[in-house]
Amino acid sequence: MYSFSRAPWPKSLIAICKDKRSLSQVHALMILTGIFATGDSNGQLIASYAKSGDIISARNVFEESLQRGVSTWNALIIAYSRKDSPLEAINLYRRMILEGIRPDSSTFTVTLKACAGLLDLKTGEEIRSHAIDLGYKNDVFVGSSVLNLYAKCGKMDEAVRVFDGMPKRDLVSWTTIITGYVQSGRSLEAVNIYRRMQKEGIQGDEIVMVGLFQSCANLGDPKIGLSVHGYMIRRDLPMDVVVQTSLIDMYAKNGLLNLAFRVFEKMSYRNVVSWSALISGFAQNGYAGEALELLIEMQSCGFKPDVVSLVSALVACSHIGLLKLGKSVHGYILRRLELDRVSATAVIDMYSKCGSLSSARALFDRVNMRDLISWNAIIASYGVHGGGREALSIFLQMKDTKLRPDHATFASLLSAFSHSGLVEEGLQWFKLMVTEYKIQPHEKHYACVVDLLARAGRVEEAHELIQSMVDEPGIALWVALLAGCRNKGKLDFGQKVAEKVLQLKPDDPGIYALVSNVFAAARNWDEVARVRKVMKNTGMKKVPGYSVVEVNGRLHAFLMEDKSHPQHEKIVAMLEWLDQEMRKMGYVPKTEFVLHDLEEEVKQRMLCNHSERLAIAFGLLNTGPGTRLLITKNLRVCGDCHAATKFISKIVDREIVVRDVKRFHHFKDGFCSCGDYW
DNA sequence: TTAGGGTTAG
């Protein structure tokens with residue numbers, strides 16, 4: 001038999017109840033013996049009911065309690081906080097104050113967390129000042145909670161003030177300030193605070209390391225991440241799914257997909273978040289096919305994709321121009337989940353990048369809660385499709401809302417002007433961006449304006465703009481200038497710029513190809529040979545051009561001069577027929593786009609084998625009359641193929657959409673939407 | 001005068 005002589009027995013008994021049944025038996029016993037009514041063990045009972053998942057019984061115990069101490073209140077407040085009902089937690093706090101109960105450190109800690117979760121700074125500050133009044137100013141739990149409140153509400157400076165004013169800090173306080181910096185986009189400061197923590201002799205745990213991994217992901221610098229990973233292995237720190245997922249994300253964002261994949265393989269437990277970290281890693285690094293395969297594998301492992309993983313899938317579809325799958329992902333989100341702002345923007349971007357600007361616009365018009373990102377996305381969409389004036393008109397509509405354009409808005413707008421050849425508008429808005437909107441131009445803004453001027457043939461002005469920059473201009477600007485020189489045949493100046501580009505030691509084979517192209521266009525074969533030698537010495541090869549065409553929802557890829565295709569002979573025959581028809585209409589091959597020093601006839605034949613021509617021929621052969629073709633190319637369309645595709649669109653009476661690495665070309669009836677301005 | 005409470009991933 002139990003002895004009821006000692007008062008505290010119910011608590012220890014409740015504590016060992018592991019299931020609802022034994023718990024309710026003890027509960028009944030307590031009521032029978034009257035202990036429940038007199039003691040303050042009800043807090044323990046509430047906590048236990050809540051832990052077993054039975055919040056209703058917990059609430060009933062609370063409401064039926066004749067005596068409620070602060071621990072009774074805390075137990076229920078904690079229960080709601082854990083149940084993710086922060087509003088109810090705050091309600092209980094208010095009721096408790098009204099009933100004259102004095103909150104303690106735990107009460108403040110939990111209610112402050114609830115406010116942080118709701119981003120309710122006003123209530124949070126009210127609770128904070130109450131805590132100070134009651135003498136909890138120097139309490140480390142309350143301090144960290146206040147810190148977290150400010151950090152979550154985006155008041156990082158106030159958070160730092162609280163942190164600096166804390167007489168005592170523990171690991172959680174340090175972690176809170178570090179993750180606060182990370183989450184407000186100040187990753188460098190996060191790393192600095194971590195160093196300060198180390199200097200003060202505090203050893204980090206795995207939670208701090210998650211913050212560091214995020215910093216490395218944001219900073220695009222894996223060095224610290226790699227060494228922290230090693231440190232964790234050496235010290236045998238626990239690696240749970242959260243730590244491993246943040247590692248995957250960090251490696252993937254730094255382009256180290258092998259390492260990301262290795263971490264993923266070693267995981268003993270995975271969830272949707274870890275899967276989608278890997279999927280978005282592949283998608284963002286351009287491995288769209290692999291990303292989509294992983295999405296399918298994830299489902300076969302029994303994980304249902306959520307919005308985030310589907311957004312990654314949309315990014316993958318956008319990369320490779322897989323409109324049909326993108327559409328079905330859109331449908332899946334509509335049917336099974338909810339199209340929120342983030343996914344809507346991803347869908348808009350997908351439609352745009354898969355060539356369907358009208359679908360992108362239609363969806364944009366239907367989205368109710370537009371934020372800056374949605375506006376930026378649609379402006380960028382018009383930009384890549386050559387709709388500079390529409391981009392401007394949407395930008396002006398956005399001005400009527402309370403949203404303020406940011407540097408990304410202007411990058412999209414200026415790029416839209418450059419793709420449409422709206423030189424004066426570009427120069428005007430570049431100026432307004434600085435004077436009226438007080439946005440300091442980044443290199444990408446300069447790049448757009450340089451590109452705009454260079455493409456219009458105003459290479460000297462572009463050169464002056466580059467030289468007016470305060471910061472050292474990056475190679476991208478010189479490359480934009482060089483591309484302008486090549487396209488406008490300004491070869492003397494172009495060769496000087498080419499020298500400048502070579503001095504900056506580019507690591508992109510595409511840039512060498514452009515440089516070589518300029519020398520080749522100037523028939524300066526010695527320089528062409530020199531560039532090729534530099535490329536060879538640095539172990540670089542020109543990226544082979546390839547084009548992808550979607551036929552009946554499946555992608556078919558073609559490499560330049562690809563003869564391996566089962567339909568190769570049919571494709572060649574189709575191209576020869578098109579070539580004859582084009583020549584009747586006045587087409588003359590522009591052999592200056594062939595890199596090598598070869599006989600004219602050989603050059604002409606090489607042009608016919610450019611990957612986009614193969615893809616177009618395949619598309620024509622395998623789709624019905626009138627079907628629109630979408631071709632995606634990994635490089636820029638060459639001038640000759642551009643001219644040829646215009647003729648082809650007229651000969652076969654088809655709309656042919658080509659997405660090259662920079663923009664879209666809609667070929668129809670012998671014309672291209674870019675108006676030959678590119 | 002037990003323990004309860006604050007920090008972490010796509």
Side-chain angles (χ1 to χ4, degrees), chain A residues 7-12 14-15 40-41 43-44 46-48 50-51 69-79 81-82 89 103-117 131 136 139-149 151-152 159 162-163 166 169-183 204-214 217 238-250 252-253 260 263-264 267 270-284 294 298 303 305-313 315 342:
Chain A
W9 75 266
K11 283 200 170 179
S12 36
I14 293 163
D40 78 333
S41 37
Q44 184 72 44
I46 291 168
S48 295
K51 259 189 198 155
V70 63
S71 58
T72 320
W73 287 90
N74 283 352
L76 195 64
I77 293 175
I78 292 165
S81 159
R82 286 209 180 132
D104 66 4
S105 160
S106 302
T107 325
F108 289 124
T109 305
V110 182
T111 47
L112 283 166
K113 181 194 165 111
C115 296
Y136 291 105
D139 183 290
V140 68
F141 273 78
V142 174
S144 299
S145 308
V146 172
L147 196 56
N148 184 45
L149 171 77
K152 288 272 169 1
V162 173
F163 182 78
M166 285 169 80
R169 304 183 191 111
D170 64 5
L171 189 53
V172 176
S173 336
W174 285 98
T175 310
T176 310
I177 196 82
I178 289 171
T179 55
Y181 270 127
V182 179
Q183 284 161 0
D205 65 356
E206 73 280 5
I207 299 181
V208 183
M209 303 312 169
V210 169
L212 285 178
F213 292 143
Q214 279 183 285
M239 293 262 206
D240 64 4
V241 62
V242 176
V243 178
Q244 286 168 314
T245 304
S246 65
L247 260 173
I248 291 173
D249 187 52
M250 186 269 294
K253 288 222 169 84
V263 174
F264 183 79
M267 291 172 84
R270 301 183 185 116
N271 60 19
V272 182
V273 183
S274 31
W275 275 96
S276 75
L278 193 67
I279 292 171
S280 79
F282 274 96
Q284 283 167 6
L294 279 168
M298 161 181 163
F303 293 98
D306 65 356
V307 172
V308 183
S309 42
L310 291 171
V311 165
S312 298
V315 171
V342 175

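Letters go in sequence order (proteins before strands), and every chain restarts at 1.
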Participant: Would you say K113(A) reaches dT7(B)'s phosphate, i.e. side-chain N/O to OP1/OP2 under 4.0 Å?
Facilitator: yes
Participant: What nucleic acid atoms does D249(A) come within less than 4.0 Å of, heavy atoms only: base, sugar-phosphate, or nothing?
Facilitator: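 Sugar-phosphate only.
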Participant: Starting at atom CZ of F213(A), determine the distance to atom P of dA9(B), rounded to an integer number of angstrom.
Facilitator: 13 Å
Participant: Side chain of D240(A) only, heavy atoms from C-beta on: which candidate in dG10(B), dT8(B), dG6(B) is closest?
Facilitator: dT8(B)
Participant: Donor-acceptor pair, distance only, cut-off 3.5 Å: does the side chain of N74(A) make one with the backbone of I77(A)?
Facilitator: no
Participant: Which is true for S173(A) with a 4.0 Å heavy-atom rule: it touches a base, it touches only sugar-phosphate, or it touches nothing?
Facilitator: base
Participant: With sugar-phosphate meaning primed atoms plus P, OP1 and OP2, does V308(A) contact a base, only sugar-phosphate, or nothing at under 4.0 Å between heavy atoms?
Facilitator: base
Participant: Under 4.0 Å between a side-chain N or O of Q284(A) and OP1 or OP2 of dG10(B)?
Facilitator: no
Participant: Using whole Å, what does the distance between atom P of nucleotide dA9(B) and atom CE of M209(A) come to?
Facilitator: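 After rounding, the gap between these two atoms is 16 Å.
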Participant: Starting at atom CH2 of W73(A), determine the distance to atom C1' of dA3(B), rounded to an integer number of angstrom.
Facilitator: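 From W73(A) CH2 to dA3(B) C1': 20 Å.
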Participant: Contact class for V140(A) (heavy atom, under 4.0 Å): base, sugar-phosphate, or nothing?
Facilitator: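 The residue V140(A) makes base contact.
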Participant: State, to 0.1 Å, how close V272(A) and M298(A) come at their nearest heavy-atom pair, and which atoms those are.
Facilitator: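 That closest heavy-atom pairing would be CG1-CE, 3.8 Å.
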Participant: Per the atom types in the model, does the base of dG6(B) pair as donor or acceptor with the side chain of S145(A) at under 3.5 Å?
Facilitator: no
Participant: Please classify the nucleic acid contact of T107(A) as base, sugar-phosphate, or nothing, using heavy-atom distances under 4.0 Å.
Facilitator: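 Contact class for T107(A): none.
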Participant: Got a donor-acceptor pair under 3.5 Å from the side chain of N271(A) to the base of dG10(B)?
Facilitator: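 Not at all, since no donor on one side and acceptor on the other fall under 3.5 Å apart.
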Participant: Using every non-hydrogen atom in the two residues, find where A159(A) and L147(A) come nearest and quote the distance to one decimal.
Facilitator: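 For A159(A) and L147(A), the tightest heavy-atom pair comes out as O-CD1, 2.9 Å.
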Participant: Check every strand shown and say whether Q244(A) touches a base, only sugar-phosphate, or nothing at a heavy-atom separation below 4.0 Å.
Facilitator: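 No contact at all - Q244(A) keeps every heavy atom at 4.0 Å or more from the nucleic acid.
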Participant: Between S173(A) and V140(A), is a side-chain contact (heavy atoms from CB on, under 4.5 Å) present by the stated rule, with each step listed?
Facilitator: CA-CA 8 Å; S173(A) 336; V140(A) 68; 3.7 Å; yes
Participant: What are the two closest non-hydrogen atoms of S274(A) and F264(A), and how far apart are they?
Facilitator: O-CE1, 4.0 Å
Participant: Between Y136(A) (OH) and dG6(B) (C1'), how many Å, whole number?
Facilitator: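 Atom OH in Y136(A) sits about 15 Å away from atom C1' in dG6(B).
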Participant: Might you point out which heavy atoms bring A217(A) and K253(A) nearest each other, and give the distance in Å?
Facilitator: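 That closest heavy-atom pairing would be O-CB, 4.0 Å.
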Participant: Base, sugar-phosphate, or nothing: which does V146(A) touch, judged by heavy atoms less than 4.0 Å apart?
Facilitator: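 If one applies the 4.0 Å heavy-atom cut-off, V146(A) turns out to touch nothing in the nucleic acid.
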Participant: As a test of reading the structure: which of dG6(B), dG10(B), dT7(B) is closest to the side chain of T245(A), going by heavy atoms?
Facilitator: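 Selected nucleotide: dG10(B).
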Participant: Tell whether S246(A) reaches the base of dA9(B) with its side chain through a donor-acceptor pair below 3.5 angstrom.
Facilitator: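 There is none.
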Participant: Any donor-acceptor pair, under 3.5 Å, between the side chain of T176(A) and the base of dT7(B), if you only look at N and O atoms?
Facilitator: no
Participant: Where the side chain of K152(A) is concerned, which of dT7(B), dA9(B), dG4(B) is the nearest nucleotide?
Facilitator: dT7(B)
Participant: Just the rounded figure in Å: distance from P of dT2(B) to CG of D104(A).
Facilitator: 12 Å
Participant: Return the nearest nucleotide to the side chain of Q183(A); candidates are dT8(B), dG6(B), dG10(B).
Facilitator: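 The nucleotide sitting nearest to the side chain is dT8(B).
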Participant: Rounded to the nearest 0.5 Å, how far does CD of Q214(A) lie from CG of D249(A)?
Facilitator: 7.5 Å
Participant: Using atom CH2 of W174(A) as one end and atom P of dG6(B) as the other, report the distance to the nearest whole Å.
Facilitator: 21 Å
Participant: Taking CD from Q44(A) and C1' from dT1(B), how many angstroms apart are they, rounded to a whole number?
Facilitator: 13 Å
Participant: Can a donor-acceptor pair under 3.5 Å be found between the side-chain atoms of S276(A) and the base atoms of dG10(B)?
Facilitator: yes
Participant: Ignoring backbone atoms, establish whether N148(A) has a side-chain N or O less than 4.0 Å from OP1 or OP2 of dG6(B).
Facilitator: no
Participant: Whole-Å distance between dG10(B) P and F303(A) CZ?
Facilitator: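 Rounded to whole Å, this separation is 18 Å.
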Participant: Which is true for V272(A) with a 4.0 Å heavy-atom rule: it touches a base, it touches only sugar-phosphate, or it touches nothing?
Facilitator: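 Base, at least one base atom sits under 4.0 Å.
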Participant: Taking the side chain of F141(A) as its heavy atoms from C-beta onward, which of dT7(B), dG6(B), dG10(B) lies nearest to it?
Facilitator: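 Comparing dT7(B), dG6(B), dG10(B) against the side chain of F141(A), the answer is dG6(B).
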